[in-house]
Each structure stands twice: as structure tokens, then as C-alpha cells.
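The structure under discussion appears below in the form of C-alpha cells.
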Amino acid sequence: MKFVCSACGEQLPEGTFVYQCACGGLLEVVHDFAKVDAEQLKRVFAARLAERMSIYASGVWRYKELIAPEIAESAICTKYEGNTGLYAASEPLQRFGGLRGLWFKAQSENPSGSFKDNGMTVAVSHGRSLGYNKFACTSTGNTSASLAMYAAFAGDTSCVFVPDKDISLNKVLQTLSYGSKVIRFAGTYDDGILFLEKHAEALGLYVCNSINPLRIEGQKSIVYEIAQSFNWQLPDWIVLPGGALSNATALGKGLRDLKTLGFIERLPRVAVVQAEGASPFHRMMAEGAETLTPERAPYTRASALNIGNPPSWRKARRVLEETGGVTLSVSDAEILDAKAVIDRSGIGCEPASAAALAGLRKLVRDGDADRDETAVCILTGHLLKDTDALREYHLDGKWPDAAHRNALQTSSLTREDVGAHLRGFA
Ligand SMILES: *Cc1c(COP(=O)(O)O)cnc(C)c1O
Ligand SMILES: [Zn+2]
């Protein structure tokens, strides 16, 4: 495992680890895949599906050879993350999305309830392998919940920095419950990142934000799992929400591995969907700008996407270039509509995740994706991650156009009254 700067190409000296190159660029893990034999590894990965208790029972560590071959088993902290459902769309979901060949990869089914676990198990394990026992991150929610869970599970400590507004209370409560020290500050996610870049080393903290290249390695497993489930043939499109763009970066890196090593023959196109109120990456791509112009006051109800200065934009742009990908933006109303259809289908997700389906619907309507093509939407977080959003939608009537609103019913509990409620209830 080598660390190479994604901006200037400089390689870190063996045995050292920092988060950023001296030039300011992000680091990237480069593996020596010379000895990898795809056909043999496909058999190994298939055999590991029968594991129950070893590290290989994890949907991340199952692919250890492609993710972090050098980390010793004794340092690995796993909760058998990954192993999430890949669900074929019901008819209402097909109708909403606009295509029949549609699947959902429910990363919401991870142990802390979001895809952040796929990366966090690798980052925390890597930190432990270097001798760290104090971990930190800045987060709008799910990263901190995931870090807090792994640190607690490993018997280590964690400290998380959260902006004091527009974050989900559920996620903060989850993080507090796992015992993390939660530090609130007046500022944005981006301010928190800057603080950690400056002071983490002096404070003895191992930083687990998405700038940590090991998180990206772990998140590659999402596309490995999808590919393995489809017997190493991917659909035409993979659609996912974009905030800090770590997941888009990881997806692209995973695809690159699979193609280079001969696991798959054809790359799917990647669609990154941002929320209108926080869409600096989409704007850059749509305008054909050379560099990203940060948004100073981003706002979207999909709090996990509330990021104005995504650090991984260069890597994400490369993914789009390599896969013939696209970016889109969707409104909060479109996101909440899509979310209600996903919830109603029995799969369920938090607001940010639903941006994927809202984006796919737009892609098909605009004729950029064909009705006969196939697509997977990645659902990033769990339905219960943002219960305020559920209350606003179903109970408070805060969204007047809420087509799938399911209001609470009150009854005097007589047979006639309940009978009246049930009329028209198929
Ligand atoms: C983190 C997160 C995202 C955004 O992913 P990035 O890698 O930051 O682009 C989307 N949805 C949920 C639920 C998240 O937790
Ligand atoms: Zn550099």
C-alpha cells in the first residue's frame, strides 16, 4: 500500500502517513495488484459468502485483497458491515424512476445505518494498525455516528466536531450514545475540516473524514458487492447522491480496479446527484468551469448533502470523465417526493439518499437515460436517521404538495368508525 498525491503525483515515504501532500493535494492509496488473478479472486470472494464470524464475513473485508491487504487481522475492527440488500424496484418505483430495470442498493442497512460504515471500518482499522487509539472527524452526522460506533466497539475513544445548525438530532444522539465526545461549533462543515487539518496531529488524533484515503478504499466495496451480486456484470447506470463526493470518488476507483484487473468488461455510467441548495460540483460541471467555486451558505433539507466545498471534486470529475458520467441537481421537494415513494415501497431511506432516485427520474425525463437501460440507485442512509423530516412530511403538513403524506388517523374505536377508516384501504 503506497500513498500517492492525487494532485502532484508525489509518493509519501514508506511507513509514514499524513492526510495531505505538502502541495495541498489529497492522497490516494495505490496498490500493487501485479499478483492479482481476477478469476481466482472471484472464487475466493464467492467462498467467503459462507463465512459467519471471521473478518471475511464482512461485506468490506471480504474484498481485503483489493482494499487493504497489508492491515493485520489483529488491528481490524469490523461489525460485518456491508452485506446489504440489493432490491429490484417494485412497480411504483419503476414508474416513478421511469425505467423497469431498476435496483436499489440499501447501504442504509449498515450497522450504524449509513454507507459511512463501509469506509470507517477500514479507516479505524488502519489507525489502530498505526497505534492510534483516539479518532476524530468533522461531520454533518453520519460520519460521526459511524466513527463513534467503531471507536466504541474497538474500546477506543473518539471526538467529533459538528456544526451547530442544519444537522439531524437523531445522528447527534446516536453519536452521543456510542460515547463519543461531541464538540459543537458555530460554523460550517468546511470550517471543521480546516480545523482538523491544522490541529489533529498536535492533538494525537487520527482523522477519519473523507479526506482520509482509507475511507475511500473501504467504500469501494459498495460497487464490488453490487458487481458480485450481478455476477460481475454491472447495469448501464449507477446513480448516487453527492455531498463531499467521497462516495462518487470511491465508486469510480472501485470501477477502475474491476475494469483494470479484468473482473468486469464494461463500465457503467455514473450519475452524481446534488441538492439544488448545495450543488457546487454540478454547477462546475454544467458550466464547464476549470475549478470548483465553493458555496458559502449551502442549504438543503437533505442535511447529509449540505456541503459547499466538497474536497474530492477533482477525483469525482475524473470518475465522470472515465465513465461518461453526468451530474444533476434536484430540488428538496423532488427529493422528499422520491423519498416518500422509496419509504412507501418498504425499503426506506433518509432524505439525502432519495436524491439518487429523484435524479434518475430527471435523467429519464430529459432523455439522457433511456427507458430500456438498467440502473442501480445507491441508498446511502436509513429511514430513521432523520425523524424530523418524517414528522414534517407526514404530521406537520410542512410540505403542501406531499403526495404520499400518510397522516395519523384518530378513532373512537367503534366498529362503524374503524370500518369507515378502512373503507378504500386495499
Ligand atoms: C455522507 C452522505 C452522503 C454524501 O456522500 P459524500 O461521499 O459526502 O458525497 C449522502 N447521503 C448520506 C446519507 C450520507 O451520510
Ligand atoms: Zn502533492
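Whatever order the structure lists ligands and atoms in, that order sets their numbers, starting from 1. Position 1 is the first residue of the sequence, and the numbers go up from there.
- Within a 6.0 Å radius of NZ in Lys134, other residues, nucleotides and ligands contribute 12 heavy atoms or fewer.
- In terms of protein heavy-atom proximity, atom 7 (O) of ligand 1 is closest to Ser246 OG, 2.6 Å.
- Aromatic ring centres of Trp103 and Phe230: separated by under 6.0 Å.
- Near Gly242, meaning under 4.0 Å from any of its heavy atoms, are these atoms of ligand 1: 9 (O).
- Not a single N or O atom of Gln219, backbone or side chain, sits closer than 3.5 Å to an N or O atom of ligand 1.
- Protein heavy atom in closest approach to atom 4 (C) of ligand 1: Gly243 N, 3.8 Å.
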| task | Start with the C-alpha distance between Lys2 and Asp32, add both sets of side-chain angles, then the distance that settles salt bridge (Lys or Arg N to Asp or Glu O under 4.0 Å), and finish with yes or no. | result | CA-CA 8 Å; Lys2 288 186 301 195; Asp32 176 12; over 6 Å; no
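- Ligand-side atoms of ligand 1 in range of Glu350: 13 (C), range being under 4.0 angstrom from any heavy atom.
- Between the SG atom of Cys5 and the SG atom of Cys23, the angle centred on the Zn ion (ligand 2) amounts to 100° when rounded to 10°.
- Looking only at heavy atoms of the protein, atom 5 (O) of ligand 1 is closest to Phe115 CZ, 3.5 Å.
- Around the CD atom of Gln11, the shell of radius 6.0 Å holds more than 12 heavy atoms that belong to other residues, nucleotides or ligands.
- Within the listing of ligand 1, atoms 11 (N) sit less than 4.0 angstrom from a heavy atom of Ala352.
- When side chains are defined from C-beta on, Lys253 counts as touching Ile216, because their heavy atoms get closer than 4.5 Å.
- Looking at ligand 1, you'll find an N or O of Ala244 within less than 3.5 Å of one of its N or O atoms.
- A distance of 6.0 Å or more separates the ring centres of Phe281 and Trp313.
- Considering Ile378, Leu245, Ile216, Asn306 only, the shortest heavy-atom separation from atom 6 (P) of ligand 1 involves Leu245.
- Results of the side-chain contact (heavy atoms from CB on, under 4.5 Å) test with Asp117 over Glu109, Gln219, Met149 single out Met149 as the only residue that passes.
- Of the heavy atoms in Lys385, none comes closer than 4.0 Å to ligand 1.
- The aromatic rings of Phe33 and His31 lie parallel to each other, their planes meeting at an angle below 30°, with 60° marking the opposite boundary.
- Of all atoms in ligand 1, numbered sequentially from 1 with element shown, those under 4.0 Å from a heavy atom of Gly381 are 13 (C).
- Under the 4.0 angstrom criterion for non-hydrogen atoms, Ser210 is not in contact with ligand 1.
- Annotation: Tyr87 is not in aromatic contact with Phe104 [ring centroid separation under 6.0 Å not met].
- Counting protein heavy atoms only, atom 12 (C) of ligand 1 is closest to Thr380 OG1, 3.2 Å.
- Side chains of Ser279 and Glu276: no donor on one and acceptor on the other come within 3.5 Å.
- Residue Thr143 does not touch ligand 1, judged by heavy-atom distances below 4.0 Å.
- The closest protein non-hydrogen atom to atom 1 (C) of ligand 1 is Lys116 NZ, 1.4 Å.
- A 6.0 Å sphere centred on CD of Glu322 holds more than 12 heavy atoms belonging to other residues, nucleotides or ligands.
- At a heavy-atom distance under 4.0 Å, only side-chain atoms of Asn142, from C-beta outward, approach ligand 1.
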